[in-house]
Colleague: 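Structure below; questions to follow.
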Amino acid sequence: MQTPAFIKTILGIALMAFNPPEDAKIPYIRFLKPEKGIYMVKINNAPDYIIEPVVAEELTSAKEFFEYDKKSKVVINAGFFDPNNGETISYVVKNKEIIADPTTNIALMKNPELSPYLDKILNRGEFRVLSCENNVKKYDITYHNEEIEKGCDLKHSIQAGPILDERMDLEKEFFILKDENDNIIRDSIGTNKKLARTAIGIDGLDVYLFIVTDEKPMTIEELSQFMKKKGMKKSLAFDGGSSTSFENGQISVVSVGDGLGRKVKSFLIVNDLEGFNPNIKTGSMFR
C-alpha cells in the first residue's frame with residue numbers, strides 16, 4: 001500500500017525540521033539594505049567568527065586588503081589617521097598588544113594648537129572585543145580610559161569616534177571646539193555636514209556595521225538617530241567622509257566625499273576561524 005502524497009509531504013516537513021538543509025540555516029553574517037544608499041551588516045555572536053582590527057604599514061584601501069587576505073568576509077575602514085604623514089590618531093589593540101599608538105605620532109603630540117586637548121583626543125571612544133570567563137566572547141563600546149569589564153580581558157580594540165548613543169558628547173571627545181558664545185570654531189569631522197560615514201553598533205550579543213554612502217549622506221546627529229532607530233544600545237562612528245570604504249567581495253563602497261576617495265590606515269575585519277589567515281600579523285604588510 002502506497003503512502004498518500006499529503007502524508008509524504010508532512011513527513012518531509014517534519015524531517016526538515018530535525019535536519020534543516022544547509023542553505024536554510026541562519027547565516028552568521030547577514031547583509032541588509034534598510035534604506036537606499038545605506039548598507040547594514042549583522043554579525044551574530046558565533047564562536048566560529050572573529051572580529052578584529054588590522055593596521056596597514058602603508059595607506060591602503062578596503063578592496064586592496066580584501067584581495068590580499070583572500071578569506072576575509074568583511075572589511076570596513078575604522079580608525080583615524082593623519083593624512084599628511086600616514087600616522088595613527090587612534091589606538092589599536094590586537095591580541096592584547098598595542099599595534100597603533102597615537103602617542104608615537106609626533107605631529108599630533110607636538111602640535112601646540114592641540115596640546116590643551118590631547119587628553120580628550122587620546123580618550124575617544126573605541127570598540128572592544130573582550131575575552132571573558134568560561135571562554136565567553138563579549139563586545140563593548142566605551143571611552144579608551146574606561147576600565148575593562150570585570151572578569152574579562154581586552155583582546156582587540158580600535159578607537160575612532162564619536163560615541164553615537166546617549167553618551168554622545170562631541171566636545172568631550174574634541175571633535176568640536178566652541179567659543180565663549182557657544183559657536184563652533186573647530187570641527188574636525190564635519191559633524192553638521194552631510195557626508196558618507198561608517199559606524200558600528202551593538203545590540204545584545206550581536207554586532208552591526210553601518211555603511212552610509214554618498215547616495216544617502218548624513219550628519220553625525222542624523223547617524224546617531226539612525227543607529228538608535230535600528231535598536232543599537234551602544235554605537236560608535238568610524239572615520240567618515242572620503243575615508244568611508246567597505247568591501248565584501250560583492251559590495252564595494254568608496255566615498256568620493258571631498259574628491260579624494262582616500263586610502264586609510266586601519267580596518268575592522270570579519271573572518272571565520274576556518275578562513276583565518278595567521279599571516280596577517282606583525283611583520284607582514286599588515287598588523
Side-chain angles (χ1 to χ4, degrees), residues 53-61 76-94 97-128 141-146 154 156-164 167-193 195-200 219-221 223-224 236-245 255 257-268 282 286-287:
V54 170
V55 175
E57 297 289 352
E58 298 180 357
L59 299 183
T60 188
S61 69
I76 188 170
N77 75 286
F80 291 102
F81 67 98
D82 187 335
N84 295 316
N85 61 14
E87 296 295 319
T88 186
I89 304 177
S90 299
Y91 281 105
V92 182
V93 172
K94 183 173 182 177
E97 177 185 346
I98 297 176
I99 60 171
D101 185 346
T103 64
T104 64
N105 184 348
I106 303 303
L108 170 66
M109 302 304 292
K110 299 296 183 182
N111 186 327
E113 293 184 9
L114 298 180
S115 59
Y117 312 104
L118 283 176
D119 287 348
K120 294 183 176 182
I121 294 172
L122 298 176
N123 191 38
R124 284 172 172 167
E126 64 185 17
F127 170 73
R128 294 175 173 178
I141 291 172
T142 190
Y143 296 102
H144 177 75
N145 291 341
E146 288 293 316
L154 179 65
H156 310 305
S157 68
I158 192 156
Q159 189 182 39
I163 287 176
L164 296 170
R167 298 167 293 173
M168 187 168 78
D169 187 335
L170 299 173
E171 290 182 274
K172 179 175 179 176
E173 296 186 69
F174 193 63
F175 286 111
I176 63 171
L177 178 65
K178 294 182 177 181
D179 62 17
E180 61 276 6
N181 297 317
D182 212 33
N183 297 312
I184 297 176
I185 57 175
R186 184 186 180 97
D187 185 347
S188 60
I189 55 171
T191 56
N192 293 320
K193 292 182 179 179
L195 300 172
R197 302 187 188 270
T198 52
I200 188 166
T219 67
I220 284 292
E221 178 61 31
L223 179 61
S224 173
L236 176 78
F238 287 148
D239 192 4
S242 54
S243 293
T244 298
S245 53
S255 173
D258 53 13
L260 296 175
R262 62 190 179 191
K263 297 183 177 184
V264 300
K265 186 73 174 179
S266 61
F267 304 93
L268 197 69
T282 303
F286 300 91
R287 292 175 278 164

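We number each residue from 1, following the sequence as shown. The model shown is predicted, which means the values in this text are computed figures rather than measured ones.
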Colleague: Measuring from atom CG of Asn192 to atom OG1 of Thr219, what distance do you get when rounded to the nearest 0.5 angstrom?
Modeller: 6.5 Å

Colleague: Working to the nearest 0.5 angstrom, can you tell me the gap between Ile106 CD1 and Asn111 CG?
Modeller: 12.0 Å

Colleague: For Arg197 and Ile220, run side-chain contact (heavy atoms from CB on, under 4.5 Å): C-alpha distance rounded to whole Å, both residues' side-chain angles, the deciding distance at 0.1 Å, then the answer.
Modeller: CA-CA 9 Å; Arg197 302 187 188 270; Ile220 284 292; 3.5 Å; yes

Colleague: Could you tell me whether the side chain of His156 reaches within less than 4.5 Å of the side chain of Val93, counting heavy atoms only?
Modeller: no

Colleague: Once rounded to the nearest 0.5 Å, what's the spacing between atom CD1 of Ile121 and atom NE2 of His144?
Modeller: 13.5 Å

Colleague: Taking side-chain contact (heavy atoms from CB on, under 4.5 Å) as the criterion, tell me which of Val54, Ile99, Val55 meets it with Ser266.
Modeller: Val55

Colleague: With rounding to the nearest 0.5 angstrom, report the CG to CE distance, Asp101 to Met109.
Modeller: 8.5 Å

Colleague: Identify the two heavy atoms, one from Ser90 and one from Thr88, that lie closest to each other, and give their separation to 0.1 Å.
Modeller: O-OG1, 2.6 Å

Colleague: May I ask you to test the Lys265-Leu59 pair for a side-chain heavy-atom distance under 4.5 Å?
Modeller: yes

Colleague: Taking all non-hydrogen atoms of both residues, which atom of Gly190 and which atom of Leu195 are closest, and how far apart?
Modeller: O-CD1, 4.1 Å

Colleague: Hey, is the main chain of Gly241 close enough, under 3.5 Å, to the side chain of Ser255 for a donor-acceptor pair?
Modeller: yes

Colleague: Which value, rounded to the nearest 0.5 Å, describes the distance between Lys120 atom NZ and Leu122 atom CG?
Modeller: 13.0 Å

Colleague: Does Ala196 offer a backbone N or O that forms a donor-acceptor pair with the side chain of Thr244 under 3.5 Å?
Modeller: yes

Colleague: Could you report the tightest heavy-atom contact between Gly79 and Ala160, atom names first, then the distance?
Modeller: CA-CB, 4.4 Å

Colleague: Got a sec: does the CG of Asp179 have more than 12 other heavy atoms crowding it under 6.0 Å?
Modeller: yes

Colleague: Answer whether the closest heavy-atom distance between the side chains of Tyr91 and Pro102 falls below 4.5 Å.
Modeller: yes

Colleague: Spell out, as yes or no, whether a donor-acceptor pair under 3.5 Å connects the side chain of Glu146 to the backbone of Ile141.
Modeller: no

Colleague: Does any donor atom in the side chain of Asn85 or Asn105 lie under 3.5 Å from an acceptor atom in the other side chain?
Modeller: yes

Colleague: Using modelled atom types only, decide if a donor and an acceptor are shared between the side chain of Asp187 and the backbone of Thr191 within a distance under 3.5 Å.
Modeller: yes

Colleague: Between Arg124 and Ile89, is the side-chain contact (heavy atoms from CB on, under 4.5 Å) condition met? List the steps.
Modeller: CA-CA 10 Å; Arg124 284 172 172 167; Ile89 304 177; 4.3 Å; yes

Colleague: Give a yes or no answer on whether the side chain of Asp169 reaches the backbone of Glu171 with a donor-acceptor pair at less than 3.5 Å.
Modeller: yes

Colleague: Arg167 vs Tyr143, test: side-chain contact (heavy atoms from CB on, under 4.5 Å). Steps then yes/no.
Modeller: CA-CA 10 Å; Arg167 298 167 293 173; Tyr143 296 102; 4.2 Å; yes

Colleague: Excluding sequence neighbours, so at least two apart, what forms side-chain hydrogen bond (donor to acceptor under 3.5 Å, both in side chains) with Arg186?
Modeller: none

Colleague: How many angstroms lie between NZ in Lys172 and CG in Asp119, if you round to the nearest 0.5 Å?
Modeller: 12.5 Å

Colleague: Quick test of your reading of the model: are Arg128 and Glu126 salt-bridged, counting only N-O distances below 4.0 Å?
Modeller: yes

Colleague: Residues in ring-ring contact (aromatic ring centres under 6.0 Å, His included) with Phe174, at least two apart?
Modeller: Tyr117

Colleague: Return the minimal non-hydrogen interatomic distance between Leu268 and Pro53, and the atom names on each side.
Modeller: CD1-N, 3.9 Å

Colleague: Check whether Glu173 reaches the backbone of Gly125 with its side chain - one donor and one acceptor, N or O, closer than 3.5 Å.
Modeller: yes

Colleague: Run the numbers on Phe267 and Ile76 for side-chain contact (heavy atoms from CB on, under 4.5 Å), then give the verdict.
Modeller: CA-CA 5 Å; Phe267 304 93; Ile76 188 170; over 6 Å; no

Colleague: Quick one about Asp239 and Asn77 (side-chain donor to acceptor, distance below 3.5 Å, no hydrogens or angles considered), yes or no?
Modeller: no

Colleague: Who are the ring-ring contact (aromatic ring centres under 6.0 Å, His included) partners of Phe80, not counting sequence neighbours?
Modeller: Phe175

Colleague: Above 12 or not: heavy atoms from other molecules or residues under 6.0 Å from CD1 of Ile184?
Modeller: yes

